[in-house]
Amino acid sequence: MGCLGSNYNGRMEELPGAFGSSASFALRLGQTVFSTASLLFMSLEIDFYGYTAFCFLVTVMGLVIPWSITLLVVDAYSVFIKCLPLQRKLIKIIFLGDMVLSYLSLAAACSTASVTDLLLDADRSYCPSNLCGRYQLSAAMAFLSWFLSSASCLFNFWLYPSL
């Protein structure tokens, strides 16, 4: 069991975006920021619980935020200490967690965007413009969080066979 990125000669090789790298740290930081923004835009001063799609988005972002923060801390430790033992089981868990949460994030973002679009088309009494604007912004932040989560999932899938 060696440190992240060390090959048979002891030189450091870093897979871009793989767990424990500086690119992974950036992906996790962006994922944390966008999922937190999505949650805040949806839940602050808004009665989001009237629509199931909005409750689903809040629930999923409530799962994504602690996952992202935990892996952000581990990535930060790895970037600054430069030695993180990588194990196949650990990468498999991270890959599967990212995959499940990226699917859930995509589903929540799509459902929120579609319900917001229906509310805008139905009538202004259902969704005033400032309220629908926040719903749309929350969905956009969820899409950005999904994009970063799926990228992280793909990078860790790429790292898995090399362990």
Side-chain angles (χ1 to χ4, degrees), residues 14-80 84 89-160:
E14 187 174 287
L15 295 173
F19 180 68
S21 66
S22 57
S24 177
F25 176 77
L27 284 171
R28 296 292 174 191
L29 181 62
Q31 187 179 353
T32 303
V33 167
F34 290 135
S35 57
T36 302
S38 176
L39 180 68
L40 290 176
F41 283 128
M42 182 57 72
S43 62
L44 289 181
E45 299 178 20
I46 294 180
D47 296 330
F48 67 89
Y49 49 83
Y51 299 96
T52 307
F54 299 160
C55 292
F56 181 53
L57 178 74
V58 169
T59 303
V60 169
M61 291 300 124
L63 293 171
V64 169
I65 291 170
W67 174 260
S68 300
I69 289 174
T70 302
L71 294 178
L72 176 72
V73 169
V74 174
D75 280 335
Y77 175 80
S78 175
V79 166
F80 293 119
L84 178 70
K89 288 182 183 180
L90 176 67
I91 298 301
K92 186 176 183 179
I93 290 170
I94 292 169
F95 164 69
L96 290 174
D98 279 342
M99 186 175 65
V100 167
L101 288 175
S102 70
Y103 283 139
L104 289 174
S105 296
L106 179 61
C110 288
S111 64
T112 298
S114 63
V115 167
T116 303
D117 189 45
L118 285 173
L119 289 174
L120 281 171
D121 287 344
D123 192 9
R124 292 289 175 192
S125 63
Y126 288 113
C127 189
S129 62
N130 63 343
L131 195 58
C132 274
R134 287 183 67 176
Y135 291 155
Q136 289 173 329
L137 198 54
S138 180
M141 294 295 121
F143 275 116
L144 291 172
S145 175
W146 161 76
F147 178 73
L148 295 176
S149 178
S150 62
S152 178
C153 177
L154 289 174
F155 288 133
N156 286 313
F157 182 66
W158 183 38
L159 173 67
Y160 186 71

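Values reported hereafter were calculated over all heavy atoms of this structure, with side chains retained and with hydrogens, waters and symmetry mates removed. The chain is numbered in sequence order, starting from 1.
Here the CG atom belonging to L27 is positioned 11.0 Å from the CG atom belonging to L72, to the nearest 0.5 angstrom. Once rounded to the nearest 0.5 Å, the distance linking CG of L96 with CZ of F157 reads 10.5 Å. Interatomic distance, CG of L29 versus CD1 of I69, reported as 10.0 Å (0.5 Å rounding). Here the OG atom belonging to S150 is positioned 9.5 Å from the CZ atom belonging to F155, to the nearest 0.5 angstrom. Expressed to the nearest 0.5 Å, how far CD of Q136 lies from CG of D117 amounts to 8.0 Å. Atom CD1 of I94 and atom CD1 of I91 lie 5.0 Å apart (nearest 0.5 Å).
Enclosure of atom CZ in F147 is not indicated, since only 12 or fewer non-hydrogen atoms of other residues, nucleotides or ligands lie within 6.0 angstrom. Other residues, nucleotides and ligands contribute more than 12 heavy atoms inside 6.0 Å of the CZ atom of F143.
Here the shortest heavy-atom pairing between L57 and S38 reads CD2-OG, 3.7 Å. Among all heavy-atom pairs drawn from L119 and C132, the shortest one is CB-SG, 4.4 Å. Here the closest heavy-atom approach between residue G20 and residue D75 is recorded as N-OD1, 2.7 Å.
Between the side chain of S105 and the backbone N or O of L101, at least one donor-acceptor pair lies under 3.5 Å. Side-chain atoms of S102 never come within 3.5 Å of backbone atoms of W146 as a donor-acceptor pair (strictly under, hydrogens ignored). Of the possible polar contacts, one joining the T32 side chain to the R28 backbone as a donor-acceptor pair under 3.5 Å is found. No donor-acceptor pair closer than 3.5 Å links the side chain of T36 to the backbone N or O of V33. Although no hydrogens or angles enter the test, the distance criterion places no donor-acceptor pair under 3.5 Å between the side chain of S145 and the main chain of M141. A donor-acceptor pair is defined here as one N or O able to donate and one able to accept, closer than 3.5 Å; such a pair exists between the side chain of N156 and the backbone of S152. When atom types are taken as modelled, the side chain of S78 and the backbone of V74 share no donor-acceptor pair closer than 3.5 angstrom.
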Show your reasoning for whether side-chain contact (heavy atoms from CB on, under 4.5 Å) applies to D98 and W67. CA-CA 9 Å; D98 279 342; W67 174 260; 2.8 Å; yes
Worked check of side-chain contact (heavy atoms from CB on, under 4.5 Å) between F56 and V60: CA-CA 6 Å; F56 181 53; V60 169; 3.6 Å; yes
Show your working on side-chain contact (heavy atoms from CB on, under 4.5 Å) between C110 and L106 and close with a plain yes or no. CA-CA 6 Å; C110 288; L106 179 61; 3.8 Å; yes
L148 and L144: side-chain contact (heavy atoms from CB on, under 4.5 Å), yes or no, with the steps? CA-CA 6 Å; L148 295 176; L144 291 172; 5.8 Å; no
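Side-chain contact between W158 and L154 is absent, with no heavy-atom pair separated by less than 4.5 Å. Contact annotation: the side chain of Q31 never approaches that of L71 to less than 4.5 Å [non-hydrogen atoms, C-beta and beyond]. Within the 4.5 Å cutoff, no side-chain heavy atoms of S149 are placed close to those of V64.
The aromatic rings of Y51 and F54 lie perpendicular to each other, with more than 60° between the two planes, well past the 30° mark.
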